[in-house]
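As structure tokens, the structure follows; a few thoughts come after it.
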Amino acid sequence: MNSFVRQFRFAPTAVAVAVLSAFGPAQAEDEEAQIAEISVTAGAAGVTGDAADRALFGQYNGMRDSKAYGLLGVDYIRRNNATGSLVEFYGSNLAMDTRELGLLWAKQGNWRLAASYGELVRRDPYTLNSVGIGLGTTTPQLQYWGGVPGTGPNFDLETKRKAIGLGAAKWITSTLELSLDAKSENKDGSRLFGLGITCPSTVAPACGPTTATSTGFAVLAVPEPINSNHSQVETRLTYAGARLRLNGGYYGSFYSNSNGSLNPGVPATLNNPVGAPLPLSAGLQTILTQPVALPPDNQVHQFDVGGNFVITPTSRATFKVAHARASQDQDFAGAGLTGAPAGVTNLNGKVNTTTAQLGLSARPLPQLTVIAESKFEDREDKTPLANYGVEGTALFTNRAFDYVRVRNKLQGTYRFARSYAATVGFDQESIDRGSYTATSASRGVSALRQDTDETAWRAELRRQMTTNFSGSIAYISAKRDGSAWLRPSNTGRGVIEVVTPFVGDEIFMPTQMDRQRDKIRLNGNWQATESFSLQISAEQGKDEYTAPTAYALRDTKVSFYSLDANYVLSEEWSLNGYLSQGNQKLNQARPAGYVLAFDNKSTSAGFGVVGKPSETIDVGGGLSFINDKNVYAQSLDPGAGASSAALLAASGGLPDIVFRRTELRLYGRYALSDNSALRLDAIHQRAKYDDWSYGYGGVPFLYSDNSTVSQLQLQNVTFLGITYTYTWR
């Protein structure tokens, strides 16, 4: 529902008259060669409920606050078959803050000009209730709310985007084309953000812990202010010969943020972990009011060349080489940040990435097709090292993140009998993350791995559509292992090798753990009769993980099943429906803590009907349902403490997170004449979202200053829109 105009086909106003005046009507004497059509739609829509009822419904479509909206749009096209010229213009949602405009003016095989403009508003589905002053700016002043939590003023979290695009292309010769495209987008507003700490900690050992008279703990909602621009430009030169095709060009990305840092003011009294207001412990207020860095200015420049070459009528080679340079050199002081190393004014970040890709496809036999591909990627971090902090008594530097990845693929497909084909493939990937910077501090609890290697093979049998059935069955198996695991050293700088078996708090990242993956996939398409068709899809897989400890991710299981059906009752009426279910499970454990079995099950179903009861009436509608449920089954590790056991016994563990949505859509279109029509659209949506991370049982999440963030658990919305469309031809 992002684009109501293009969905409801809204139609002519003064905009249409202006477009016609600009481009001119089709000449009567040239009607066969030249075709012109303009369609303008105008109407109105009403929505029930308030902003809380429409938190999910109005997240992106611009229908969050008001009860009524204007609907306006235009489409124009003029094509001259004799000269090959084309003019297209469209405008959608022109009466709303999600409007879009686009223009294309081209002459086939000669030149192209294009322009676009678009707006998008994203409203956060969660409501922040806070008495803070200046929220959404770089200098918010938080205040303690002494009233009942949730009864203060609400702060509207939203971001607005405005983008403009321009493009041009010119065929220099019959085989050579030059193109240039540019886009610039401004983004303003704020998003949910926060800060917090528990004292003392390794990053702030001087702040005091929570006591009976002071609190050394804080979790605060501090919206991130957004005022940025992202511009992109791309130019390409394309050559298309009989056997050789080349494509080379430049791509540039430029990000600029007007906000360098967030500088919050924090009150001297906040709630302790059990909700009692107490003065802050020594040093806590100073820590919480430190500047927080926001996304810095950065840019990327990339040059590339690629193409393909026809070696023989049955073989072809493809290739691509690219080099990109990313940099970030925003001044620390200019961004409002302090504490940089002596003589260092900015990060001076530089990352160079070189990629090379080569592929070959051939058909050595009429029944056999072979594909081979290889891709190399080398990312070199050239950012200078500097002492940015202290670990214990030792200074530590930033870390250089070098990265080399090589991927290879070999695949063969053999066609036999009349409609069967078998495919066997082999894939290999190796990643080298470079040596760990010895002067860097590996803060946190994540174990590291320098190299990983993965090999996979797959086999697939396909049956092409003959009279009434086509389908495929595939099996995929992959194995990943790698070099020795590394963990933070005891000195605070650098890393040391993990000794097996390992007992500690390090987190072994699933993306780097040894893994055995097996998956089977089935697809089928059955055309039972001329009127009835059925599509079936099924997939099931399992991953088993191995690490130097049992306290890590152990295994995951995934499954997905879907069924789609279409039935044509007559020339005027047809039915469609679908049913699908996906399931993901994982088992993991934490030392001296909880053993978690996570189960996510998502079920969706829908039914629709489309009909034409008369020559002038078209109707249709659909009913859809989504149920997404996350279940957290928890038990205790034998080494868990008494407090963990007491908490699990008292709470029963983490509650479920459930999202359900039922939606009914109906429409009817009545043709008033050959070039005008009325359309009625109705939508009723009922949604339930129960997320314990932002509130549970109707009780919102409570921050340390008594601010809250919440979302209405049960939301009901009804949309009704009527539009009139007129078309000139």
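Contact check on Asp181 versus Lys183 returns no salt bridge, with no Lys/Arg side-chain nitrogen under 4.0 Å from an Asp/Glu carboxylate oxygen. For the pair Lys350 and Asp329, the salt-bridge criterion is not met [side-chain N within less than 4.0 Å of a carboxylate O]. At a threshold of 4.0 Å, the pair Arg122-Asp124 counts as salt-bridged, since one of the basic side-chain nitrogens sits closer than that to a carboxylate oxygen. Of the charged side-chain nitrogens involved, at least one lies within less than 4.0 Å of a carboxylate oxygen, so that Glu158 and Lys160 count as a salt-bridged pair.
Side-chain atoms of Gln715 come within 3.5 Å of backbone atoms of Leu56 as a donor-acceptor pair (strictly under, hydrogens ignored). Using a distance-only test at 3.5 Å, with no hydrogens or angles considered, a donor-acceptor pair links the side chain of Asn706 to the main chain of Trp145. The backbone N or O of Ser66 lies less than 3.5 Å from a partner atom in the side chain of Arg54, making a donor-acceptor pair. Of the possible polar contacts, none joining the Asn272 side chain to the Thr215 backbone as a donor-acceptor pair under 3.5 Å is found. Using a distance-only test at 3.5 Å, with no hydrogens or angles considered, no donor-acceptor pair links the side chain of Arg686 to the main chain of Arg660. With hydrogens and angles ignored, the 3.5 Å screen pairs a side-chain donor or acceptor of Asp331 with a backbone N or O of Gly334. Under a 3.5 Å cut-off, the side chain of Asp188 and the backbone N or O of Asn227 do not form any donor-acceptor pair. Within the 3.5 Å criterion, the main-chain N or O of Pro149 finds no donor-acceptor partner in the side chain of Thr708. Between the side chain of Ser261 and the backbone N or O of Ala335 there is at least one donor-acceptor pair closer than 3.5 Å. Under a 3.5 Å cut-off, the side chain of Thr289 and the backbone N or O of Gln285 do form a donor-acceptor pair.
For the pair Leu278 and Thr269, the minimum side-chain heavy-atom distance is 4.5 Å or more. Residues Gln711 and Asp691 are not in side-chain contact: their nearest non-hydrogen atoms beyond the backbone lie 4.5 Å or more apart. Counting heavy atoms from C-beta on, the side chains of Leu135 and Pro140 come closer than 4.5 Å. Between Leu294 and Glu224, some side-chain heavy-atom pair lies under the 4.5 Å cut-off. Using a 4.5 Å heavy-atom cutoff, the side chains of Val121 and Thr159 are not in contact. Between Thr48 and Leu720 there is no side-chain heavy-atom pair separated by less than 4.5 Å. For the pair Phe625 and Phe607, the minimum side-chain heavy-atom distance is 4.5 Å or more. Gln584 has its side chain out of reach of Phe560: every pair of non-hydrogen atoms, C-beta onward, lies at least 4.5 Å apart.
Judged by the 6.0 Å distance and 45° axis criteria, Arg99 is not positioned over the aromatic ring of Tyr117.
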Exercise for review: Report the C-alpha distance between Tyr251 and Gln232 in whole Å, list the side-chain angles of each, state the deciding distance to 0.1 Å, and finish with yes or no for side chain to side chain donor-acceptor pair (under 3.5 Å).
Suggested key: CA-CA 7 Å; Tyr251 168 78; Gln232 302 171 78; 2.8 Å; yes

Review point. Is there a side chain to side chain donor-acceptor pair (under 3.5 Å) between Asn257 and Asp297 once you walk through the steps?
Key: CA-CA 6 Å; Asn257 192 350; Asp297 299 350; over 6 Å; no

Exercise for review: Begin from the C-alpha positions of Val222 and Leu142 and carry the test side chain to side chain contact (heavy atoms under 4.5 Å, CB included) through to its verdict.
Suggested key: CA-CA 8 Å; Val222 189; Leu142 304 185; 3.9 Å; yes

Review point. Would Val709 and Leu192 count as a side chain to side chain contact (heavy atoms under 4.5 Å, CB included) if you check the C-alpha gap in whole Å, the side-chain angles of each, and the deciding distance to 0.1 Å?
Key: CA-CA 9 Å; Val709 61; Leu192 193 60; 4.2 Å; yes

Exercise for review: Determine, step by step, whether Asp628 and Asn600 satisfy the side chain to side chain donor-acceptor pair (under 3.5 Å) criterion, reporting the C-alpha distance in whole Å, the side-chain angles of both residues, the deciding distance to 0.1 Å, and the verdict.
Suggested key: CA-CA 7 Å; Asp628 189 273; Asn600 169 255; 3.3 Å; yes

Exercise for review: Take Asp65 and Arg123 through the test salt bridge (Lys or Arg N to Asp or Glu O under 4.0 Å) and record every step on the way to the result.
Suggested key: CA-CA 10 Å; Asp65 294 320; Arg123 302 288 300 274; 2.9 Å; yes

Practice item. Mind running side chain to side chain donor-acceptor pair (under 3.5 Å) on Thr139 and Asn263 for me, showing each step along the way? Key: CA-CA 5 Å; Thr139 56; Asn263 300 270; over 6 Å; no

Practice item. Test salt bridge (Lys or Arg N to Asp or Glu O under 4.0 Å) on Arg679 and Asp681 and set out the steps. Key: CA-CA 7 Å; Arg679 175 167 172 145; Asp681 287 88; 2.8 Å; yes

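Checked against Arg161 for a salt bridge (Lys or Arg N to Asp or Glu O under 4.0 Å), the options Glu100, Glu185, Glu119 give a single hit: Glu185.
In this structure, Tyr689 and Tyr126 have tilted ring planes: the angle between them lies in the 30° to 60° band. Ring geometry for Tyr632 versus Phe598: interplanar angle of 30 to 60°, hence tilted.
With 3.5 Å as the limit, one finds a donor-acceptor pair spanning the side chains of Asn583 and Asp599. With no hydrogens or angles considered, no side-chain donor-acceptor pair links Thr127 and Ser710 at under 3.5 Å. Ser253 and His230 share a donor-acceptor pair across their side chains, judged by distance under 3.5 Å alone.
Taking the centre of each ring, His684 and Phe57 stay at or above the 6.0 Å mark. Between Phe401 and Tyr403, a ring centre-to-centre spacing not shorter than 6.0 Å is recorded.
For Ser281, the side-chain contact (heavy atoms from CB on, under 4.5 Å) test picks out Ser214, Leu284, with sequence neighbours left out.
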